[in-house]
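Here's the structure, in structure tokens; my notes come after.
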2 protein chains.
Amino acid sequence: MKYPQIYEQFNLWVPLPMEEWLAFESKLVERSLSKGDYLLQAGDTTLEIGIILNGLFRLYYTDNNGKEHIKSFRRSGELIGAYSEMLLNIPSRTYIQAMEASRLVLISRHDFLPFYSQHSCWQTIGRIVAEEHFLAKEQREFEFLQLDVLERYNKFRDDFGPLMGKIPQHQIASYLGITPVALSRVLSKSRKK
Amino acid sequence: MKYPQIYEQFNLWVPLPMEEWLAFESKLVERSLSKGDYLLQAGDTTLEIGIILNGLFRLYYTDNNGKEHIKSFRRSGELIGAYSEMLLNIPSRTYIQAMEASRLVLISRHDFLPFYSQHSCWQTIGRIVAEEHFLAKEQREFEFLQLDVLERYNKFRDDFGPLMGKIPQHQIASYLGITPVALSRVLSKSRKK
DNA sequence: TTTAGTCATTAACCAAAGTTAATGAACCTT
DNA sequence: AAGGTTCATTAACTTTGGTTAATGACTAAA
């Protein structure tokens, strides 16, 4: 078994027959990216599910004016991919970029889908992955509706802890939904109090 | 079969053995609510999944200052419930209120969970429900990050069409994340142009 | 070591949105 | 018919955030 950490994670969600795991594992492809490399860009049609072995990524899209809007940061152990585009079977609208040298394993949508009809454990895993994605987005909606910028920033800092040093502040601003100038203002005001 | 529309919906997602459907249907309880009635309030611990036969609901929570923040409106044929609280198995943080006389069918979390181990079709249905919930939230995140208030309002109007007349404007403002005063201002400015 | 690029900060100005309050319309209820 | 409630609108004022631009720190590349 090449990736026992992933097996353990899945097995925590649902009892996973070894035969199923090995079939899945045989489809995994390992890839390394340097800082700044793209795992995926808008328009790409070959969609893959990735599991980050180590590293840090940002997911974003661009609007009509070319401005970037960061949806999410992902770190070691987390899933990564153009998830909603995979569900809808459309080309990627998302850019996924490595923020430091990173390593991950990938399985293509095409290789994964047959597992659903192979054994019900994959349905369960697919369900739990979808549920976790939903919970993350609902949490984010809550923060947008209820918290002001400083509260959102503090939550982000608590969440990312030591990784803060690897994330430029203007990218955090984008994630929080404001401009870098506005975030800098808010932070300097909060320091003075 | 009492609720063929629901059976058809499920069957569109996954082949559903009649035996499974009938077992599920036998757990459904019908309920009618008058305008203003609550299906669920914050703090409630008996969580149920509902399917709206007819009517209109709003889902919201309140912040520390008692202000309401509307998460969602739901109409005939849609699922309703404190979904994230069900996943997390915690008391409801959500209020669910009927905006007009409404009728729905309900199944308790407790009654539904055993179906997951009964037959894999329920895993598939659970997965697809989670995926749809995720897609809706991701769409909402996109709108918050990329669209201005007027664009968000117009999307909402296009989506709800004839139901607009049943939704007070200040509730739409809450759903869009702004105050009723701000929405009124934006709309009057857009009318003048 | 110079040079260019990225980034955070600050200022000045403008636009958008929150707050409070007053007004009037529509709709109940009695 | 009278009274109360809910709601949308508008005004005046304040606060927050966007935009542009200048500055200086830091870093990476040549």
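Just so we're on the same page: letters track the sequence lines, and every chain starts at 1. Values reported hereafter were calculated over all heavy atoms of this structure, with side chains retained and with hydrogens, waters and symmetry mates removed.
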| Among C:dA16, C:dA17, C:dA11, the nucleotide that comes nearest once only the side chain of A:Val181 is considered | C:dA11

| message | Over 60° means perpendicular and under 30° means parallel, so tell me whether A:Tyr61 and A:His69 are parallel, tilted or perpendicular. | response | tilted

| query | A:Phe24 and A:Tyr3: aromatic ring centres closer than 6.0 Å? | reply | no

Which donor-acceptor pairs under 3.5 Å do the side chains of residues 77-87 of chain A make with protein atoms, sequence neighbours left out?
residue	atom	partner	partner atom	Å
A:Glu78	OE1	A:Arg75	N	2.9
A:Ser84	OG	A:Arg93	NH2	3.1
A:Ser84	OG	B:Glu138	OE2	2.7
A:Glu85	OE2	A:Arg93	N	2.8
A:Glu85	OE2	A:Thr94	N	3.3
A:Glu85	OE2	A:Thr94	OG1	2.7

| request: Look at atom CD of A:Glu8 and say whether more than 12 heavy atoms of other residues, nucleotides or ligands are closer to it than 6.0 Å. | output: yes

| Can you pull the contact range of chain B along DNA chain D, 5' to 3', using atoms under 4.0 angstrom from its heavy atoms? | D:dC7 to D:dA12

| message | Measuring to OP1 and OP2 of C:dA8, would you say a side-chain N or O of A:His170 lies under 4.0 angstrom away? | response | yes

| field | Interatomic distance, B:His69 NE2 vs C:dG18 C1' [rounded to whole Å] | value | 13 Å

| query | Nearest-Å distance, CG (B:Asn65) to C1' (C:dG18)? | reply | 13 Å

| task | Report which part of the nucleic acid A:Lys35 touches: base, sugar-phosphate, or nothing (heavy-atom distance under 4.0 Å, all strands). | result | nothing

| field | Length of the CZ-P vector between B:Arg185 and C:dA16, whole Å | value | 10 Å

| task | Return yes if a side-chain donor-acceptor contact under 3.5 Å exists between B:Gln9 and B:Gln5, otherwise no. | result | no

| field | First encountered from the 5' end of DNA chain D, between A:Val149 and B:Leu183 | value | B:Leu183

| Candidates A:Arg31, A:Arg109, A:Lys27 - the one meeting salt bridge (charged side-chain N to carboxylate O under 4.0 Å, His left out) with A:Glu48 | A:Arg31

| task | May I ask you to evaluate whether B:Thr179 reaches the phosphate of C:dG18, defined as a side-chain N or O under 4.0 Å from OP1 or OP2? | result | yes

| note | When rounded to whole Å, the CD to C1' distance for the pair A:Gln97 and C:dT6 reads 14 Å

